Amino acid sequence: MPELPEVETIANGLRLGCSAPAEAAHPALPGLHILSARLLWERTLATPTPAEFYTRIAGQAFESIGRRGKFLLARLTQDTLIFHLRMSGDLLVERLEAPMAPHHRLVLELEGGWRLTFNDTRKFGRAWLVSDPEQVTGKLGPEPFSPALSAPVFYQMLQRSRRQLKPLLLDQSFLAGLGNIYTDEALHRAGLHPLRAADSVPADQAEALLGAIRSVLQAGIQHHGASIDWVYRGGDFQNQFYVYQRTGAPCKTCGTPICRVVIGQRGTHFCPHCQPEG
DNA sequence: ACGAGCGCCTGTCGGC
DNA sequence: TGCCGACAGGCGCTCG
């Protein structure tokens, strides 16, 4: 579940805790101490070595929870613990005595009988424990909601690239946080073809694209993200899709069947009428 | 500088 | 039923 709105949803849950359904209730992380760590799949930990990780993280406490692009950042007493969920990662706060679900890859034992678990079916997710988060997030492009990212700035960013819009928007060093779903949805809202060359987009359409990116991400966050397949956390943005996974279905705007093509090895969905080429 | 291909993993689904 | 390929919300690495 790992695009910006899903990571934001998970970060909010860890930051604020949850009291609602009793079986999912858990405390907020900030303030809680980490007693010990256990790695169940070694490659989940990008850095440091497991031995150093265990000794360094024990005794630290969570201070704050943040997000940068698709990275979730947990600021600890001394270091920053960073997660990237990739395709199937998830973070859960559970009772220590609860049975261990399949696919748990990293477990932090917390004070008060709780544990933070990183669950990741496909094992693509990664964790880092670093003193400076820039070591991990340093190459990311701007945050989509950054006030510094004005329409003229975004237009200039597009002008500097001749790449196709779809792969460019997926490039995290260009803009941080978009993935396959929200890119397709944003391009549809902006009426832009995914193969369109970035430097061919005029200023007014660049502004519309930035607005579409922000509105689709905002809608995703308001719906607590999208829940697809086996990964379900209560989000329901999947019911709001206009193009993603709607191949052959009528466009909600004009009725034309939605097309699916492969661009940069990623399934890409668009309306050939609302998003004309050139 | 860029795109294509592949590796990393597990699971589901549709077709035969 | 069983097998097999395609596909999946990501990204880093090669190689042209």
Side-chain angles (χ1 to χ4, degrees), chain A residues 1-11 40-47 67-72 82-91 101-106 118-128 135-141 144 157-188 194-199 213 216-217 219-221 223-248 260-269:
Chain A
M1 20 186 335
E3 299 183 41
L4 186 154
E6 288 76 28
V7 179
E8 181 77 15
T9 298
I10 292 173
L40 303 177
W41 179 256
E42 284 227 355
R43 299 188 61 167
T44 294
L45 186 62
T47 192
R67 179 195 58 73
R68 174 81 172 93
K70 301 175 196 173
F71 291 88
L72 189 143
I82 303 179
F83 291 96
H84 195 302
L85 278 37
R86 294 284 182 100
M87 295 289 272
S88 59
D90 199 1
L91 286 162
H103 314 309
H104 277 1
R105 309 304 181 195
L106 176 61
F118 180 57
N119 186 283
D120 183 25
T121 305
R122 292 178 68 178
K123 300 178 177 172
F124 290 165
R126 291 292 179 270
W128 297 257
Q135 290 174 243
V136 179
T137 62
K139 289 179 182 167
L140 290 178
M157 287 165 60
L158 292 176
Q159 283 296 113
R160 269 182 253 119
S161 174
R162 304 174 64 175
R163 298 174 67 186
Q164 298 163 340
L165 286 176
K166 169 83 185 222
L168 182 64
L169 293 176
L170 285 176
D171 184 342
Q172 301 299 298
S173 68
F174 176 77
L175 185 68
L178 285 179
N180 211 31
I181 294 177
Y182 292 90
T183 298
D184 283 3
E185 295 295 324
L187 286 171
H188 180 263
L195 290 176
R196 181 81 175 267
D199 63 357
I213 290 166
V216 77
L217 290 175
I221 292 168
H223 285 267
H224 307 294
S227 305
I228 296 183
D229 301 335
W230 70 97
V231 185
Y232 180 75
R233 281 183 66 97
D236 64 350
F237 190 61
Q238 68 279 7
N239 300 322
Q240 313 294 320
F241 294 165
Y242 274 65
V243 288
Y244 185 79
Q245 281 188 350
R246 295 195 66 244
T247 308
R260 180 187 183 275
V261 295
V262 176
I263 302 175
Q265 281 99 264
R266 308 302 300 277
T268 299
H269 314 74

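Reckoned from all heavy atoms, side chains included, excluding hydrogens, waters and symmetry mates. Lettering follows sequence order; numbering is per chain, from 1. Model, not experiment: these values are computed from the prediction.
A:Y242 meets the side chain to side chain contact (heavy atoms under 4.5 Å, CB included) test with A:E185, A:H188, A:K252, A:T253; sequence neighbours excluded. Under the ring-ring contact (aromatic ring centres under 6.0 Å, His included) criterion, A:F118 pairs with A:F83, sequence neighbours left out. When the side chain to side chain contact (heavy atoms under 4.5 Å, CB included) test is applied to A:H84, the partners found at least two apart in sequence or on another chain are A:K70, A:F71, A:R86, A:W128. Judged as a salt bridge (Lys or Arg N to Asp or Glu O under 4.0 Å), and not counting sequence neighbours, the contacts of A:K166 are A:D184. Residues satisfying the salt bridge (Lys or Arg N to Asp or Glu O under 4.0 Å) test with A:R68, not counting sequence neighbours, are A:E143. Checked against side chain to side chain contact (heavy atoms under 4.5 Å, CB included), A:A11 has the following partners two or more places apart in sequence or in another chain: A:R15, A:I65, A:L72. Residues satisfying the side-chain hydrogen bond (donor to acceptor under 3.5 Å, both in side chains) test with A:R163, not counting sequence neighbours, are A:D171. Listed by chain and residue number, nothing satisfies the salt bridge (Lys or Arg N to Asp or Glu O under 4.0 Å) test with A:D199 (two or more places apart in sequence, or in another chain).
Distance A:Q245 CD to B:dC13 P: 12 Å, rounded to the nearest Å. With rounding to whole Å, A:F118 atom CZ is found 13 Å from B:dC9 atom P. For the pair A:F241 CZ and C:dG9 P, the interatomic distance rounds to 10 Å; values are reported in whole Å. Note: CD1 (A:I263) to P (B:dG5) measures 14 Å, nearest angstrom. Between A:L85 atom CG and C:dG9 atom C1' there is a gap of 10 Å when expressed in whole angstrom units. The NZ atom of A:K166 sits 11 Å away from the C1' atom of C:dG9 (whole-angstrom rounding). Computed from coordinates, the A:H269 NE2 to C:dA8 C1' distance equals 10 Å when rounded to whole Å. Between the P atom of B:dC8 and the CZ atom of A:F124 lies a distance of 10 Å, rounded to the nearest Å.
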> Reading DNA chain C 5' to 3', how would its secondary structure be written in dot-bracket notation, given Watson-Crick and G-U pairs with both distances under 3.5 Å, brackets [ ] for crossing pairs and | for partners on other strands?
Replying inline: .|||||||.|||||||
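Ring centers of A:Y182 and A:F241: at least 6.0 Å apart, outside the cut-off.
Taking every heavy atom of residues 179-187 of chain A and every atom of DNA chain C, pairs under 4.0 Å involve A:G179, A:N180, A:I181, by number.
Closest approach of A:L170 and A:L178 over heavy atoms only: CD2-O, 4.2 Å. The shortest heavy-atom contact between A:A176 and A:P144 is O-CD, 3.0 Å.
For the pair A:L4 and A:I221, the minimum side-chain heavy-atom distance is below 4.5 Å.
A donor-acceptor pair is defined here as one N or O able to donate and one able to accept, closer than 3.5 Å; such a pair exists between the side chain of A:S88 and the backbone of A:R122.
Between A:H103 and B:dG11 there is a side-chain N or O to OP1 or OP2 distance below 4.0 Å. Dashed line: the shortest gap from a side-chain N or O of A:K123 to OP1 or OP2 of B:dC8 is not under 4.0 Å.
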>> Can you build the contact string for nucleotides 11-16 of chain C? Use B for base contact, S for sugar-phosphate-only contact, and - for no protein heavy atom under 4.0 Å.
In response: S-----
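Each of C:dA8, C:dG9, B:dC8 was ranked by its minimum atom distance to the side chain of A:R122; first place goes to C:dA8. Of the candidate nucleotides C:dG9, B:dC8, B:dG11, B:dC8 has the atom lying nearest to any side-chain atom of A:R43. Which of B:dC8, C:dA8, C:dG9 sits closest to the side chain of A:P2 comes down to C:dG9.
Spacing of P atoms, B:dT10 relative to C:dT1, comes out at 26 Å, to the nearest Å. For the P atom pair drawn from B:dC9 and C:dC3, the interatomic distance equals 25 Å after rounding to whole Å. Rounded to whole Å, the P atom of B:dA4 lies 16 Å from the corresponding atom of C:dC7.
Side-chain polar atoms of A:N119 and A:H103 form no donor-acceptor pair below 3.5 angstrom.
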Quick one: which protein N/O atoms are closer than 3.5 Å to N/O atoms of nucleotides 1-3 of chain B? Pair and distance per line, please.
unit_1, atom_1, unit_2, atom_2, d
B:dG3, OP2, A:R163, NE, 3.0
B:dG3, OP2, A:R163, NH2, 3.2

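Among the heavy atoms of the strands, none lies under 4.0 Å from A:R126.
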